[in-house]
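Input: a single structure, listed below in structure tokens.
Note that the structure is predicted; figures quoted are calculated from it, not measured. Each chain gets a letter, A, B and so on, in the order its sequence line appears, and its residues count up from 1.
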Amino acid sequence: MTNRKFKSREELLEYALTAVGVPFYKIDKTNRLSTGKGALGTVIEESFFGYMPNSNSKPDFEELGVELKVTPFKRTKKGISAKERLVCNIIDYMTEYHKTFETSSFMSKCSTMLLMLYEYVSEFDKGNMSIDRAVLFSFPEEDLLIIRDDWYKIIRKIREGKAHEISESDTLYLGACTKGMNASSKREQPFSDKLAMQRAYSLKASYMTYVLREYIYGERTSENIIKYPGQLREISFENWIIERISPYFGRTFKSLTDEFGLTGTPKNINELIIAKILGVKGRISKTTEFQKANIVPKTIRIRRDGHIVESMSFPTFKFIDLINQEWEESDLFDYLSETKFLFIVFREASIDSVLESVKFWNIPNRDLEEVRKVWERTKEVIISGVEIIEKDGRKTNNFPKKYENAVAHVRPHAINAEDVYPLPDGRLMTKQCFWLNNDYIKSQLEVLDEISKGFGIRHGK
DNA sequence: GCATGATCATGC
DNA sequence: GCATGATCATGC
């Protein structure tokens, strides 16, 4: 244990490195291992650095301007992944909006972090895990420009009296995640009487995964869309993308596939068109920025009469997994609350469909609450035993139908009817997923149109 | 014409 | 073989 002052960042790092490889149970002197979330961070703070955990607005090593973060990662088939978002300080809605990004509580505290990374292994007790690496981390310029824009998005919602509508998927790398025991941990906000969920700045898990891969473990794998960070000095990432694609609005599907030499009918051909427009070699969803920000491209086809034919599918769920989850920890909640979508909108015209627009979208909180109802109902149906009735070779079931909820429903999503997952009672059922209703998608496109009428693409801060 | 079940194309 | 994004097919 130490409680000495470090004279320099180098000295701090040198000491931090002596924790590498030492199991936490050997470090822990104050019996913190048995405590809940954040136990390992507490062990390092108290037993390794010798100071009491605090919620100070200053960095942990104030004179050095360094904040300590102890955070887990996992090794997966695809490489190293952050196990969770990196949570920073709580946002004080009443004061934060006065500040600039440079003077924000986030930058004051977290602009340089001592990241102490440990590998999370599910079979291990916490005490048997250990710090794998310790590094000093400051944001590279290409990330800082996006994080800065994220910060202003959060502040804009506070200034508009919409702190209660803040959602983690509003932003790209820097999120505002909920923080508190439950939904009743609410705070006042300056420009509305409505109480807002307590939230903290956080670096999204998808972003942290790339920090680990690219900057710390050197597993760089993907292509950047933004070739020069300076390209985002005057414009947000989203608007930069839209500006680049907009010259192609109005073009027919055929003229686009001809121009870019795309053949065949892959299901993600529209994603490939967008990739070509942006000068990206492969899939847009595999680019650095889309991976870091968790952006998923989705095609929307609007018929000539304005109707959207298809609802929007998501990954399948496993029946047995779902009933063992609670909503707040469920796969669906994680997915929808942390994913931003890029809608690629085609409108059918007389001969061919035409690229009409591209729009970024994430689900509003109140609609996510509707999805929750569908999810809870689905859980009930699985627990009480799905009713499957076979008729003329087609099986019908009693999962939530489209007419039951304005936002979402449940439907099959499989290779064919024999592509199945087990039910808790041992029967096998065609794989299913949650779908966003086509009518709901239509209404959300209309909302986005209203918003874009109100703003020019280039915005002042 | 729509709701719901079923299936396709591709890449890893 | 399966996950994913997307669309087709059928019956009411």
Distance-only donor-acceptor check, side chains A/Tyr201 and A/Glu96, under 3.5 Å: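 Note: A/Tyr201 and A/Glu96 side chains meet the donor-acceptor criterion.
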
Between A/Asp143 and A/Tyr215: side-chain donor-acceptor atoms closer than 3.5 Å: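 There is such a pair between these side chains.
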
Interatomic distance where [atom1] belongs to [X] and [atom2] belongs to [N] [whole Å]:
X        : N      : atom1 : atom2 : value
A/Ile344 : C/dA6  : CD1   : P     : 7 Å
A/Ile295 : C/dT4  : CD1   : C1'   : 18 Å
A/Leu342 : C/dA6  : CG    : C1'   : 16 Å
A/Glu310 : C/dT10 : CD    : C1'   : 14 Å

[N] OP1/OP2 closer than 4.0 Å to side-chain N/O of [X]:
X        : N      : value
A/Tyr421 : C/dC2  : no
A/Ser313 : C/dG5  : no
A/Arg283 : B/dC12 : no
A/Lys431 : B/dA6  : no
A/Lys401 : B/dA3  : no
A/Arg411 : C/dA6  : no

Nearest to the side chain of [X], heavy atoms from C-beta on, is which of [options]?
X        : options              : value
A/Ala417 : C/dT7, B/dG5, B/dT7  : B/dT7
A/Tyr335 : C/dA6, C/dG5, C/dT4  : C/dG5
A/Lys298 : C/dA3, C/dA6, B/dT10 : C/dA6
A/Tyr403 : B/dA6, B/dT10, B/dT4 : B/dT4
A/Thr430 : B/dA6, B/dA3, C/dT4  : B/dA6
A/Arg394 : C/dG5, B/dA9, C/dA9  : C/dA9
A/Lys402 : B/dT10, B/dA3, C/dA6 : B/dA3
A/His307 : B/dC2, B/dA9, B/dA6  : B/dC2

Regarding [X], tell me which of base, sugar-phosphate or nothing describes its non-hydrogen contacts under 4.0 Å with the strands shown.
X        : answer
A/Asn270 : nothing
A/Lys78  : nothing
A/Gly393 : sugar-phosphate
A/His413 : base
A/Thr316 : nothing

Earlier contact from the 5' end, DNA chain B, for A/Asp439 and A/Lys395: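 Result of the comparison: A/Asp439.
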
Along DNA chain C (nearest heavy atom to each residue), the more 5'-positioned of A/Val296 and A/Asp419: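 The residue mapped nearer the 5' terminus is A/Asp419.
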
Electrostatic pair A/Lys157-A/Glu160, nearest N-O below 4.0 angstrom: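 Not counted as a salt bridge, because no side-chain N and carboxylate O are separated by less than 4.0 Å.
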
Basic-acidic side-chain contact under 4.0 Å: A/Lys379, A/Glu326: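 Judged by the 4.0 Å cut-off on N to carboxylate O distance, A/Lys379 and A/Glu326 do form a salt bridge.
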
Any donor-acceptor N/O pair, A/Asn324 side chain to A/Ile320 backbone, under 3.5 Å: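 Pair found, side chain donor or acceptor close to backbone of A/Ile320.
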
Side chain to side chain, A/Val410 and A/Pro400, heavy atoms closer than 4.5 Å: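 They are in contact (side-chain heavy atoms under 4.5 Å apart), so the answer is yes.
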
